[in-house]
Amino acid sequence: QVQLVESGGGLVQAGGSLRLSCAASGRTFSSHGMGWFRQAPGKERECVAAIGWSGGSTYYADSVKGRFIISRDNAKNTVDLQMNSLKPEDTAVYYCAATSSGSVWTSPDHYDYWGQGTQVTVSS
């Protein structure tokens, strides 16, 4: 069982930066692939970034490539999402998720554990 708690959301102006952090409980964190998803009102949940168990493999959605960076620290059981050059269209609830597989997955169906979400609002 893995429990995930996100932090770091908030309100920021366009062009600004935020860093989201996800703290995981459990002794198996280093074996899990991790992902950051977001869901805006009326839209489907989408994967913005994902990282494999070792941190050697990553995925970024085209909409965030070059602006967001996902990283993990297996010693601290954390996975972070550094978000730069934020745009109003980045506004959403952001969720941290863990998959039982150590691989990189982009579909929410592959993720077994979810955090409660943190709101990110980017004003224009």
Original post:
What's the shortest heavy-atom distance between Ala24 and Val2, and which atoms?
Top reply: CB-CG1, 4.2 Å
Subject >> Aromatic centroids of Phe29 and Trp53 separated by under 6.0 Å >> reply: no
Original post:
Within the distance-only criterion (no hydrogens, no angle test), does the side chain of Glu6 pair as donor or acceptor with the backbone N or O of Gln116 below 3.5 angstrom?
Top reply: yes
Original post:
Any donor and acceptor pair, going by atom type alone, linking the side chain of Tyr111 with main-chain N or O of Thr106 inside 3.5 Å?
Top reply: no
**OP:** Using a 4.5 Å cut-off on heavy atoms from C-beta on, say whether the side chain of Leu4 contacts that of Trp114.
**Re:** no
Original post:
Is there a path of hydrophobic side-chain contacts, each under 4.5 Å between heavy atoms of I, L, V, M, F, W or Y residues, that connects Val79 with Tyr60?
Top reply: yes
Subject >> Separation between NE2 of His32 and CG of Asn74, rounded to the nearest 0.5 Å >> reply: 10.5 Å
Subject >> Euclidean distance, Ser71 OG relative to Ile51 CD1, rounded to 0.5 Å >> reply: 6.5 Å
Subject >> Any side-chain donor near an acceptor of the partner, Ser100 and Asp112, under 3.5 Å >> reply: yes
**OP:** With the side chain counted from C-beta on, respond yes when Met34 and Arg72 share a heavy-atom pair under 4.5 Å apart, and no when they do not.
**Re:** yes
Original post:
Any side-chain heavy-atom pair from Lys43 and Arg38 closer than 4.5 angstrom?
Top reply: no
Original post:
Between atom CG of Leu11 and atom OG1 of Thr91, what is the distance when rounded to the nearest 0.5 Å?
Top reply: 8.5 Å
Subject >> Side-chain heavy-atom pair His110, Cys47 within 4.5 angstrom cut-off >> reply: no
Original post:
Atom OH in Tyr95, atom CG in Leu20: separation rounded to 0.5 Å?
Top reply: 13.0 Å
**OP:** Indicate yes or no: does Asp62 engage Lys65 in a salt bridge with an N to O separation below 4.0 Å.
**Re:** yes
Subject >> Hydrophobic cluster identity match, Phe37 and Ile70, side-chain contacts under 4.5 Å >> reply: no
Original post:
Do Val104 and Leu81 share a hydrophobic cluster, counting only Ile, Leu, Val, Met, Phe, Trp and Tyr and linking them when any side-chain heavy atoms are less than 4.5 Å apart?
Top reply: no
Original post:
How close do Gly55 and Thr58 get, heavy atom to heavy atom, and via which atoms?
Top reply: O-CG2, 4.3 Å
**OP:** Please identify each residue that fulfils side chain to side chain donor-acceptor pair (under 3.5 Å) with Asn84, with sequence neighbours left out.
**Re:** Ser17, Gln82
**OP:** Answer yes when Arg19 and Asp80 have at least one side-chain N-carboxylate O distance shorter than 4.0 Å, and no when they do not.
**Re:** yes
